[in-house]
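Remarks on the structure that follows.
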Amino acid sequence: MSTLIELTAFRHQPVWEMQAALYLLMIQAGAWAMLSGLAAQATGAERQRGLGAWGLLAATGLGLSAPLNLIAEMLGPHKFYTLIPRFNLSSPLSWGVAAISLFVLAGALGCVGLRRPLPVPRKAVAGLGLLAALSVLAYTWFEIARAAGVPLWADPYASAVLLASALPCGLGLALWLDMAHGGAAAQSLMARLVAALGALGAGGTLAVWGLLGSWPGTPGWPWGSALLAGSALALLLAGALFLDRPKSLSGSLLWACLLALAGGLGARLGILLLGQSAALGRAQGEPHMLGHADILGVLATPALFVALMFIASIIMGRPAKKEPAAPEVSAASAAPPAQPEAPADAQTAHGDPA
Amino acid sequence: MERRDFLEFFSFGGKKREAAPPPPPPQRWVMVVDLRRCVGCQACTVACAMENRTPLGEFRTSVNDFETLEQGRPRKILLPALCNHCDNPPCVPACPAKATFRRADGLVLVDPQRCVGCGYCVLNCPYSARFLNRQTRSADKCSLCAHRLDAGLLPACVETCIGKARTVGDANDPASAVARLLAEHKAVTLEPKAGAKPQVFYIGLPEGMALPQADPAAARERRVTEETFR
Ligand code: SF4
Ligand code: SF4
C-alpha cells in the first residue's frame with residue numbers, strides 16, 4: 001500500500017473509556033481472587049486458610065462493585081435489567097451478564113459458608129465459584145478479542161495482557177487482606193511466586209508487544225504508547241516486589257499490590273483507548289483519560305469495594321456459627337467442655353470456626 | 001372465495017389452475033457511490049445532519065479526504081463513508097439487547113427503545129460507521145433514511161448530492177439504476193477481508209486501497225495530518 005495521507009476522516013469518539021478499564025480490572029481481579037481463594041481452600045493447609053477466606057471475600061466485593069462501572073458507562077443504565085430477558089447467544093456481553101450474575105451468587109454463597117453452615121454442599125459452592133470465575137475470565141477475553149472493529153484488540157497479546165495483569169491484582173489483594181487480619185499466607189513463597197509470575201508475565205508481554213511494534217506505531221494517540229510503557233514498567237516492578245518476603249503491612253506486599261493495580265489499570269486504559277483511537281479516531285482531540293465520567297464517579301466503585309472489605313473485616317472478627325454437632329456422642333467430643341468464645345483475633349478473622 | 005374459484009373447486013377434470021408465478025425476489029436496498037463524480041462538497045454530510053439531527057461533531061455520513069501516491073504521483077481520494085448495511089454485519093450478533101437488527105430489505109437499523117448504549121456495536125463495526133448518540137442515549141448510524149425510503153422518498157444525502165455520485169435502489173430489480181450501475185461498472189466494497197459483505201459499492205476506488213483502520217500494520221505507513229490542519 002502506498003503512503004496514505006489522511007486529511008479529514010469519518011471519526012468518532014472512543015466509547016469505552018475509564019470506567020470500562022476500571023470494570024475490566026475489577027472483575028478480572030475478582031475472578032483471580034476467587035480462583036486463588038478456591039485453590040487455597042483446596043490445599044487444606046492451615047497457613048492458607050486466611051487466603052481461602054479473603055480470596056472469596058475480595059472476589060465477592062469486586063464482583064458486587066465492578067458491574068456498577070459498566071452500568072455507569074452505559075447511556076441507558078435504567079435498561080440494564082433488559083439484558084437478562086433479551087439474552088443474545090451470539091453476544092459476549094450477554095454471556096458476561098450471565099457470568100457476573102453466577103459469580104456474585106457463588107461468591108455470596110461462599111462468603112456465607114465462611115460463617116455458618118450452608119444448605120448445599122461446600123464442594124458444590126466451590127464448583128460453582130470455579131465455573132463462574134473461569135466464565136468471567138473467558139468472557140472478558142472474547143469481549144475484547146472478538147471486537148471486529150478494533151484491529152489492535154484482535155491481537156491475542158491484548159487479551160493475554162489483560163488477563164495476566166489481573167492475576168497479581170486479585171491474588172495480591174487477597175494476600176494483603178489476609179496479612180492485615182493476621183494471616184500468614186503471604187509468607188508462603190508459592191503464593192507470592194504465582195502473583196510475581198502474573199505480574200512479570202503481563203509486564204513482559206506488554207513490553208515485548210510494544211517492542212515488536214504493535215502499539216508504538218498505532219496512530220491516533222501518542223500518549224497511549226507512553227501509558228502502556230509505564231504500565232509495563234509498573235507490572236515488572238510489582239513482579240519483583242512480590243518475590244520479597246513481606247515483613248510489615250506497609251512493606252513490599254502493599255507496594256507490589258499498588259504497582260500491580262496501577263499497571264493493570266494503565267494497561268487497560270492504554271489498550272482500550274489506543275485501540276479505539278486508531279480505529280474510531282478522534283473527533284474532538286485526544287481521548288480524555290476520564291472519559292465521560294467525573295473523578296467522583298470513577299472513585300465510587302473502588303470506595304465501595306473498600307467499604308465492603310471493611311464490613312467483611314468486622315463480620316469476620318466475630319465468632320462463627322458452628323456446624324450442627326453429629327448425633328452420636330463420641331468419647332472425644334464428650335470429654336472436653338465447650339471452648340470459651342475465642343477473641344476476635346487473627347485466627348477467627350480467617351473464617352476459622354473458633 | 002370468488003365465484004370462479006368456487007366453481008373450479010367443484011369441477012372434475014376442469015382446467016388446472018396455472019401455477020402462480022414465482023414471487024419476486026425481496027427488495028434489497030443498496031447504495032452505489034461513483035467516486036469519479038464526488039467533488040467533496042460535503043453537501044451530503046450537511047443534509048444528513050439536518051435530516052437526522054445528529055449531535056454536534058458526530059456524523060452518520062461524511063466525505064473522507066485522503067491523499068495517496070500512485071506510481072510516484074499524488075492522487076486525491078474523496079471517499080463518502082456511511083454504514084454499509086452489510087449482509088453479514090458483525091454489529092448485529094454483538095448487540096446484547098437485540099437492539100440492532102437487519103430488516104428483510106437488508107437495512108441494518110437500531111431500535112433506540114431497546115438500545116442500552118453499551119457501545120459494543122460501535123466496537124464491532126469494521127467501518128467505524130457507528131457512534132454513541134448522547135442526545136438520544138443510544139447507538140446511532142446511517143439508516144439509509146429508512147423513514148424516507150418507506151415513504152417513497154430518496155435518502156437526504158442522495159437527494160442533495162450535486163454530483164449525482166450517490167445512487168440508491170433495489171439491487172434485486174434488474175431495471176433499477178443501481179442494478180444497471182453494478183452491471184456496467186467494476187464496483188468494489190471497502191475492506192472485503194472483514195467478511196461483513198458490505199452493500200455500499202464504490203465505482204472508481206483504487207484497487208487495494210485500505211482504509212486507515214484496516215489493519216494496524218498498514219497504519220504505520222500513514223501520516224495523519226489532522227493536527228497540521230487544526
Ligand atoms: S457498516 Fe458497520 S454498522 Fe453498518 S451494517 Fe456493517 S458492521 Fe453494521
Ligand atoms: S449500543 Fe445499543 S445497539 Fe449497540 S450493542 Fe449496545 S445495546 Fe446494542
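Protein chains get the first letters and strands the later ones, always in sequence-line order, with residue 1 at the start of each.
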| said: Tell me whether the count of non-hydrogen atoms from other residues, nucleotides or ligands lying under 6.0 Å of CZ in F87(A) goes above 12. | reply: yes

| message | For the CZ atom on R146(A), are there more than 12 heavy atoms of other groups (residues, nucleotides or ligands in this structure) within a distance under 6.0 Å? | response | no

Closest approach of [X] and [Y], non-hydrogen atoms and distance?
X: N124(B); Y: A147(A); value: OD1-CA, 3.5 Å
X: V122(B); Y: V15(A); value: CG1-CG1, 4.0 Å
X: L75(A); Y: R134(B); value: CD2-NH1, 3.3 Å

| request: Heavy atoms only, distances under 4.5 angstrom: which of A20(A), G76(A), S91(A) has the most pairs with chain B? Name it, please. | output: S91(A)

| field | Contact winner vs chain B - V97(A), L83(A), V150(A), L89(A), heavy-atom pairs under 4.5 Å | value | L83(A)

| remark: Whatever's closer than 4.5 Å to a heavy atom in chain B on F142(A) counts as backbone

| task | Answer with side chain, backbone, both or neither: which region of W95(A) has an atom nearer than 4.5 Å to a non-hydrogen atom of chain B? | result | neither

| said: Keeping Y120(B) on the side-chain end and E143(A) on the backbone end, is there a donor-acceptor pair under 3.5 Å? | reply: yes

| said: When you measure from the side chain of K79(A) to the backbone of C115(B), do you find a donor-acceptor pair of N or O atoms at a distance under 3.5 Å? | reply: yes

Spacing of [atom1] belonging to [X] relative to [atom2] belonging to [Y], to within rounding of 0.5 Å:
X: W16(A); Y: C118(B); atom1: CH2; atom2: SG; result: 7.0 Å
X: K98(B); Y: S90(A); atom1: NZ; atom2: OG; result: 8.0 Å
X: L123(B); Y: I144(A); atom1: CG; atom2: CD1; result: 8.0 Å

Considering only heavy atoms, which portion of [X] lies under 4.5 Å from any heavy atom of chain A: side chain, backbone, both, or neither?
X: A97(B); value: both
X: Q135(B); value: neither
X: T45(B); value: neither
X: P80(B); value: neither
X: C125(B); value: backbone

| If you tally heavy-atom pairs under 4.5 Å against chain A, which of P96(B), A94(B), A196(B) wins? | P96(B)

